[in-house]
Structures are given as structure tokens and as C-alpha cells.
**Q** 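My questions all concern the structure below.
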Amino acid sequence: MLKAIVFDFDGVLVDSEPLHYRAFLEVGRGELGLSFDYEEYLDRLVGYDDRDAFRLLLTQAGQQHGQAELEARVAQLCQQKQQAFEQQVGLGVTAISGALELVDEAAAAMPIAIASGATVRDIELVLGGLGRRDRFQVIVAADHVRRSKPDPESYALAVEQLAQRHKSLELSPADCLAIEDTAAGIASARGAGLMTLGLATTGPADRLHNAHRVIPSLQGVGLAQLREWFG
């Protein structure tokens, strides 16, 4: 039975992947001498948190570091990307079609959460601008886990925290639906035991073939439809 929903953030609630791309590109060009187009970003980086993305970019740039030096460099690049992303957000962020309507409906009927590879600062910034911060009882961001997506830790932690808040529901991962737009996110949610709905909002639907169901967008999708699909 569907008792709770855990939303991904970028590409599911907000159309922010182009903003992340431009922020990564700004830092990549300036710090690493790398340039890549949006399709390359979708193929190689989308779905990973900033730390893992910069580890990949450092390897691509041929920069070799010891472990301590690597983590310090990654942290520096992440901070620069955070600043670049905030500048992009200041220019405006668009919600994914149908997402805010579903969030409002679901929040009135059941616990909902976010499990994202974005930073908590990014999430709070955008949700505040959309006036939806109070809808989510739990937010699990990249800052809160040791291993981000595709590792199951993000979704497992989100369900655990929801279950602690709602003991009477006796929540298990199988009672929760993850809504995702990337293969890494689907792998994370399925690895944690959640039902999965894939949205082809960021890339082609065939990249999401491991989801239990794939749809083009959340436009017109309400709680009754989700219950019909997922129990």
C-alpha cells in the first residue's frame, strides 16, 4: 500500500539541471580547463552529487592527487560551484509541470520527503522561493550521507526518518514511492526497496527502464492515479 512519497529534487520538482550544468561548466572551464555540452553533462554527470561529479572531472582533467589533497580540492570546487549555482537560481527557477500540484495534494494526505544529490543549501534556497518548504517533513541531501546516489543510502535514510516520525503507519520501504528522473536515482531507490516512478523530464525514457513505471511528466498526475498504479 502506498503510504508515503519520496521525491527527488532536480528534474522532478524543479527544472534545475540546466542551471547545474551552467554552474559546473563555469567551474570546469575556469578551474580544470574542461568544456562539455549539455548532452555530455546528461550522459556523464547527471544523477551524481557535486562531490562525485568533480571527482570524475578531476580524473578527466588528468589531475592526480593523494586522498587528503583530492578531498580538499573537491571541497574547493564544490564551494565554487555552489556560488555559481546560486547566481543561476537568482535568474529564476521553473517548477516541473504538475510537480507542485502533486506535492500539495500528497502533503495533505500522507508523509512526503525529498532524497536528493543536491546540497541542503540548494534545496532550501529553491523550495523557499517556491513557497513549498513546509510540505516536506524530511529532506535528505548530499550533505547527510556518506555515499550519494546510485548508492541506496539516501532513500534508505529518508524512509527511516519518515518511519520514526510516523510510527503508527509502520512504514517500510515497500510502502514508499520514489519519483526520479535519472538512472542513478532509480538504482538508489530500488536498492533501498522502494517502488519507483521514472520521469522522462531530463533525458529519454529508455534510460529509466529499471523503474517500475515510466511517464513523460507529472502533468495531470494526482494521488488517485498513483494509488491506482502503486496500490
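Atom set for the values below is all heavy atoms of this structure, side chains included, hydrogens, waters and symmetry mates excluded.
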**Q** Check each of Gln76, His20, Glu26 against Lys81 using the side-chain hydrogen bond (donor to acceptor under 3.5 Å, both in side chains) test, and report the only one that passes.
**A**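 Going through Gln76, His20, Glu26 one by one, the side-chain hydrogen bond (donor to acceptor under 3.5 Å, both in side chains) with Lys81 is satisfied by His20 alone.
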**Q** At what distance, to the nearest 0.5 angstrom, does CD1 of Ile179 lie from CD1 of Ile112?
**A** 9.5 Å
**Q** Set out, in order, the CA-CA distance, both residues' side-chain angles and the distance that settles side chain to side chain contact (heavy atoms under 4.5 Å, CB included) for Ile96 and Val12, then state yes or no.
**A** CA-CA 6 Å; Ile96 294 292; Val12 169; 5.8 Å; no
**Q** Step by step, would you call Leu177 with Trp229 a side chain to side chain contact (heavy atoms under 4.5 Å, CB included)?
**A** CA-CA 11 Å; Leu177 173 66; Trp229 288 338; over 6 Å; no
**Q** Going by heavy atoms in the side chains, are Pro18 and Tyr38 under 4.5 Å from each other?
**A**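 In short, these two side chains touch, coming nearer than 4.5 Å.
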**Q** Would Phe7 and Leu2 show up in the same hydrophobic cluster when neighbours are defined by side-chain heavy atoms closer than 4.5 Å?
**A** yes
**Q** Is the shortest heavy-atom distance from the side chain of Arg147 to the side chain of Asp52 under 4.5 Å?
**A**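 The answer is no; the side chains never approach within 4.5 Å.
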**Q** From Ile139 CD1 over to Gln161 CD, what is the distance, rounded to the nearest 0.5 angstrom?
**A** 10.5 Å
**Q** Write down the atom of Glu105, the atom of Leu223, and the distance for their closest heavy-atom approach.
**A**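 Smallest interatomic distance, heavy atoms only, reads OE1-N, 3.2 Å.
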**Q** Under 3.5 Å, is there a donor-acceptor pair between the Ser16 and Asp10 side chains?
**A**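 Side chains of Ser16 and Asp10: pair found under 3.5 Å.
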**Q** Looking only at non-hydrogen atoms, find the nearest pair between Ile123 and Ala141 and report the distance.
**A**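 That would be CD1-CB, 4.0 Å.
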**Q** Assess whether atom CD of Gln164 is packed by more than 12 heavy atoms of other residues, nucleotides or ligands within 6.0 Å.
**A** yes
**Q** If two hydrophobic side chains count as joined below 4.5 Å and joins carry through other members, does Phe85 share a cluster with Val120?
**A** no
**Q** Given side chains that start at C-beta, do those of Val74 and Arg55 come closer than 4.5 Å, heavy atoms only?
**A**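 Val74 vs Arg55: side chains touch.
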**Q** Measure from the side-chain N and O atoms of Thr201 to the backbone N and O of Gly11, and report whether any donor-acceptor pair falls under 3.5 Å.
**A** yes
**Q** For Pro204 and Ala200, which heavy atoms make the closest approach, and how far apart are they?
**A**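 Reported closest heavy-atom pair: C-CB, 4.5 Å.
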**Q** Taking the side chain as everything from C-beta on, heavy atoms only, tell me whether Arg207 gets closer than 4.5 Å to Asp43.
**A**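 Yes; the side chains approach each other to less than 4.5 Å.
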**Q** Please confirm whether the backbone N or O of Arg146 pairs with a side-chain atom of Glu153, one donor and one acceptor, at under 3.5 Å?
**A** yes
**Q** Examine distances only and state if a side-chain atom of Glu40 and a backbone atom of Asp37 form a donor-acceptor pair shorter than 3.5 Å.
**A**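 Present.
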**Q** Distance from Ile186 atom CD1 to Thr196 atom OG1, nearest 0.5 Å?
**A**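 Nearest 0.5 Å value for the CD1-OG1 distance: 4.5 Å.
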**Q** For the rings on Phe24 and Phe54, is their centre-to-centre separation under 6.0 Å?
**A**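 When the ring centroids of Phe24 and Phe54 are compared, they turn out to be within the sub-6.0 Å range.
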**Q** Once rounded to the nearest 0.5 Å, what's the spacing between atom CZ of Arg135 and atom CG of Leu102?
**A** 12.0 Å
**Q** Side-chain heavy atoms under 4.5 angstrom apart, residues restricted to Ile, Leu, Val, Met, Phe, Trp, Tyr: same cluster for Ile215 and Leu13?
**A** yes
**Q** Closest heavy-atom contact between Ala192 and Pro173?
**A**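 Distance-wise, the nearest heavy atoms are O-CB, 3.2 Å.
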**Q** Side chains of Arg22 and Gln88: any donor to acceptor distance under 3.5 Å?
**A** yes
**Q** So how far is it from Leu226 CG to Arg213 CZ, rounded to the nearest 0.5 Å?
**A** 10.0 Å
**Q** State, to 0.1 Å, how close Asp8 and Ser116 come at their nearest heavy-atom pair, and which atoms those are.
**A** OD1-CA, 3.9 Å
**Q** Given Gln83 and Gln87, is the side chain to side chain donor-acceptor pair (under 3.5 Å) satisfied, shown in steps?
**A** CA-CA 6 Å; Gln83 294 170 356; Gln87 291 176 349; over 6 Å; no
**Q** For the backbone of Val138 and the side chain of Arg165, can you confirm whether one donor and one acceptor N or O come within less than 3.5 Å of each other?
**A** no
**Q** Which heavy-atom pair separates Leu130 from Val14 by the least distance, and what is that distance?
**A** CD1-CG1, 3.4 Å
**Q** Using only heavy-atom distances, determine whether the side chains of Gln82 and Glu86 contain a donor-acceptor pair under 3.5 Å.
**A**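 Distance-only check passes for Gln82 and Glu86.
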**Q** Is there a donor-acceptor contact under 3.5 Å from the side chain of Tyr155 to the main chain of Lys149?
**A**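 Checked: no pair found.
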**Q** Heavy-atom count check: over 12 atoms from other residues, nucleotides or ligands less than 6.0 Å from Phe9 CZ?
**A**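 Yes, CZ of Phe9 has more than 12 neighbouring heavy atoms, counting only those of other groups under 6.0 Å.
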**Q** Strictly distance-based, threshold 3.5 Å: is any side-chain N or O of Lys3 a donor or acceptor partner for the main-chain N or O of Leu169?
**A** yes
**Q** Can you get from Ile5 to Leu127 by hopping between Ile, Leu, Val, Met, Phe, Trp and Tyr side chains that sit under 4.5 Å apart?
**A**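 Yes, Ile5 connects to Leu127 through the hydrophobic network.
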**Q** With a 4.5 Å limit on heavy-atom distance, are the side chains of Ser35 and Leu25 in contact?
**A** yes
**Q** Can you tell me how far CG of Leu57 sits from CG of Leu77, rounded to the nearest 0.5 angstrom?
**A** 8.5 Å
**Q** Starting from Leu70, can I reach Leu45 by hopping between I/L/V/M/F/W/Y residues whose side chains sit under 4.5 Å apart?
**A**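 Linked within one cluster.
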**Q** Parallel, tilted or perpendicular: which describes the rings of Tyr21 and Tyr41, with under 30° parallel and over 60° perpendicular?
**A**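 Tyr21 vs Tyr41 ring planes: tilted.
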**Q** Keeping the roles fixed (side chain from Asp175, backbone from Ser172), state whether a donor-acceptor pair exists under 3.5 Å.
**A** yes
**Q** Between the side chain of Arg190 and the main-chain N/O of Asn210, is any donor-acceptor distance below 3.5 Å?
**A**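 Present.
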**Q** So, the side chain of Asp49 versus the backbone of Ala142: is there a donor-acceptor pair under 3.5 Å, distance only?
**A** no
